[in-house]
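Encoded as structure tokens, the structure appears first; notes follow it.
Numbers here simply count residues along the sequence, with the first being 1.
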Amino acid sequence: MLLSLVVHTYSLRYWFPATVMLGTAPVYLLSWAVWRLLSTILPARVYHRVDDQLYCIYQSMVLFFFENYTGVEIVIYGDIPKTKENVIYLSNHQCTVDWIIADMLAIRQSALGHVRYVLKDGLKWLPLYGWYFSQHGGIYVKRSAKFNEKTMKKKLLSQTRLKTPMYLVIFPEGTRYNPELKNVIAASQAFATKEGLPILKHTLTPRTKASHIAIETMKGHLDAVYDVTVAYEGTWDADGQRKPAPSMPEFLCKECPRVHIHFERVDIKEIPAEPMFFRKWLHGRFEIKDRLLTNFYGSEDADKICSFPGEGLQSPLFLSKTFPSVVILGGLTLPLLLTSTGRKLYMRTWICGTLLGWLWVNVFP
């Protein structure tokens with residue numbers, strides 16, 4: 001009986017925030033749809049400005065749960081610019097929480113609404129979210145020979161012509177690094193050997209297409225590349241072997257006490273344009289990440305707190321940045337669920353919004 005209660009209580013640590021985040025999605029989409037309809041007679045830049053504000057509200061609520069609710073400590077190495085910039089965010093990729101880390105940095109620059117993602121094509125099937133991410137400027141890409149360069153360029157050019165603020169998140173590895181997936185790591189290292197590139201131990205070999213196209217297409221619009229390396233504390237076992245990074249449920253269950261983020265700003269003028277040199281440049285950045293992660297995991301023992309080289313500063317996120325969004329979205333959702341008509345609208349938004357979204361992202365990629 002007692003054990004069942006403990007297990008139930010533990011599961012609520014995940015289900016409560018997940019229910020709120022997913023439960024407010026229909027109301028958010030309805031609010032966005034109303035604005036999208038009203039803005040059809042307005043200049044596109046006005047639509048994007050309000051869309052960014054709406055997106056900031058929703059993502060601030062997400063960060064309330066992933067930072068304030070979990071109590072995770074964010075330790076940052078390097079100086080994040082205080083002012084907003086148009087940037088491409090390049091990071092190593094280990095788990096689904098990596099997407100939230102980009103939000104964590106963006107909100108500290110007051111640029112949360114500007115975050116857009118380059119996403120795996122399969123994510124377009126996410127109910128409601130898959131379609132909205134595309135509407136907000138996200139780009140779905142396929143791997144290898146199926147990669148559609150023209151579609152990506154077209155979408156990026158449409159954004160730059162409107163001078164849309166850009167915080168474009170790309171994970172060049174293309175898939176997550178999981179130390180338990182030996183075959184994926186071996187294939188990545190074999191690819192590096194084939195290309196004559198140094199083998200990486202703690203990341204996969206980066207692929208260049210999406211990053212190169214994004215930088216070259218938007219070069220006149222961008223200020224910098226943010227080169228970010230993320231390590232989750234507690235991802236090692238008693239034998240000193242690296243373990244998988246936490247999933248979203250594990251993170252929300254407060255199983256990660258601290259996240260270490262190494263930040264480096266690279267001016268856009270320093271990045272080579274020619275594809276061969278760009279490949280070497282990008283792989284060089286991942287060699288730096290690999291050394292940072294080797295240092296991080298090499299320092300782990302029972303008595304020593306792991307860290308990146310240099311001084312890491314704790315960066316707390318104040319409730320005033322996130323909790324108002326919880327109140328706004330919760331306040332809009334609850335009245336809808338308390339009436340029969342509201343519940344019907346709510347369910348129709350989930351069902352019809354998902355089906356129409358799937359149709360849209362496949363007809364208009």
Side chain proximity check, Tyr177 to Ile185, heavy atoms < 4.5 angstrom: yes
Where do Ala192 and Thr205 come nearest, in terms of heavy atoms and distance? CB-OG1, 3.4 Å
So which atom in Thr229 and which in Asn92 form the shortest heavy-atom distance, rounded to 0.1 Å? CA-OD1, 3.4 Å
For Pro246 and Thr235, the nearest pair of non-hydrogen atoms, with its separation, is CD-CG2, 4.1 Å
Donor-acceptor pair, Tyr346 side chain versus Gly23 backbone, under 3.5 Å? yes
I want to check something: taking the side chain as every heavy atom from C-beta on, are Trp125 and Tyr140 in contact at a cut-off of under 4.5 Å? no
Return the orientation label for the Tyr167 and Tyr226 ring planes: parallel under 30°, perpendicular over 60°, tilted otherwise. perpendicular
Phe286 six-ring centre to Arg291 NZ/CZ under 6.0 Å and within 45° of normal: no
Just do the side-chain contact (heavy atoms from CB on, under 4.5 Å) check on Ile74 and Glu67 with the steps written out, would you? CA-CA 8 Å; Ile74 305 300; Glu67 279 208 60; 3.4 Å; yes
So does Arg343 have more than 12 non-hydrogen atoms from other groups sitting under 6.0 Å from CZ? yes
Where Thr164 and His221 come nearest, the two heavy atoms and their spacing: O-NE2, 2.7 Å
Hydrophobic clusters here meaning ILVMFWY residues chained together by side-chain heavy-atom distances under 4.5 Å, can you tell me if Leu355 and Leu128 are in one? no
A side-chain contact here means heavy atoms from C-beta on lying under 4.5 Å apart; do Glu180 and Lys243 qualify? no
Please tell me if the side chains of Leu282 and Leu90 come closer than 4.5 Å, counting only heavy atoms from C-beta onward. yes
Quick check: Tyr132 with Trp32 (ring centres under 6.0 Å apart)? yes
Using 30° and 60° as the class boundaries, would you call the ring planes of Tyr117 and Phe133 parallel, tilted or perpendicular? perpendicular
If you round to the nearest 0.5 Å, how far is CZ of Phe66 from OG1 of Thr70? 8.5 Å
List for me each residue that meets ring-ring contact (aromatic ring centres under 6.0 Å, His included) alongside Tyr77, sequence neighbours excluded, and say none if there are none. His260, Phe308
Would you tell me whether Tyr47 and Asp52 have side-chain atoms, one donor and one acceptor, within less than 3.5 Å of each other? no
If you count every heavy atom of other residues, nucleotides or ligands that lies below 6.0 Å from Asp79 atom CG, does the total exceed 12? no
More than 12 heavy atoms of other groups within 6.0 Å of Lys120 NZ: yes
For Trp99 and His93, take the angle between the two ring planes, folded into 0 to 90°, and tell me which bin it lands in: parallel under 30, tilted 30 to 60, perpendicular over 60. perpendicular
CD of Glu173 to OG of Ser188: how many Å apart, nearest 0.5 Å? 7.5 Å
Row check, Tyr69 ring normal vs Lys254 NZ/CZ: under 6.0 Å, within 45°: yes
Could you verify whether a donor N or O on one side chain and an acceptor N or O on the other, from Thr322 and Ser60, lie under 3.5 Å apart? no
Spacing of Ile261 atom CD1 and Ser315 atom OG [to the nearest 0.5 Å]: 8.0 Å
Set out, in order, the CA-CA distance, both residues' side-chain angles and the distance that settles ring-ring contact (aromatic ring centres under 6.0 Å, His included) for Phe323 and Phe64, then state yes or no. CA-CA 6 Å; Phe323 190 67; Phe64 167 78; 5.5 Å; yes
Spacing of Met21 atom CE and Tyr129 atom OH [to the nearest 0.5 Å]: 7.5 Å
Taking Leu356 as the starting point, is it possible to reach Leu126 by hopping between hydrophobic residues whose side chains are less than 4.5 Å apart? no
Determine the minimum heavy-atom distance between Asp223 and Arg265, stating which atoms define it. O-NH2, 3.6 Å
For a side-chain hydrogen bond (donor to acceptor under 3.5 Å, both in side chains) check, start with the C-alpha distance between Lys124 and Asn362, then their side-chain angles and the critical distance, and finish with the verdict. CA-CA 9 Å; Lys124 68 186 180 185; Asn362 282 282; 3.1 Å; yes
Any link between Ile101 and Leu204 through a network of hydrophobic side chains (Ile, Leu, Val, Met, Phe, Trp, Tyr) touching at under 4.5 Å? no
Audit row: Lys155, Ser134, side-chain hydrogen bond (donor to acceptor under 3.5 Å, both in side chains) steps and yes/no: CA-CA 10 Å; Lys155 190 151 192 177; Ser134 175; 3.1 Å; yes
Looking only at heavy atoms, the pair that brings Ala111 and Lys84 closest together is CB-CG, 4.3 Å
What I want to check is whether the side chains of His212 and Glu216 have a donor and an acceptor closer together than 3.5 Å. no
For Ile41, does the CD1 atom sit with more than 12 other heavy atoms under 6.0 Å from it, leaving out its own atoms? no
Spacing of NZ belonging to Lys280 relative to CG belonging to Leu197, to within rounding of 0.5 Å: 8.5 Å
Please say yes or no: joined through hydrophobic side-chain contacts below 4.5 Å, possibly via intermediate residues, are Leu22 and Trp358 part of one cluster? no
Residue pair Thr24 / Met61, side-chain heavy-atom distance below 4.5 Å: yes
Could you see if Leu42 belongs to whatever hydrophobic cluster contains Val34? Use Ile, Leu, Val, Met, Phe, Trp, Tyr and a side-chain cutoff under 4.5 Å. yes
Over 12 foreign heavy atoms within 6.0 Å of NZ, Lys154: no
I'd like to check Leu63 versus Ile100 (side-chain heavy atoms, cut-off strictly below 4.5 Å). Are they in contact? yes
Just wondering, do Ile213 and Lys153 contact through their side chains at under 4.5 Å, heavy atoms? yes
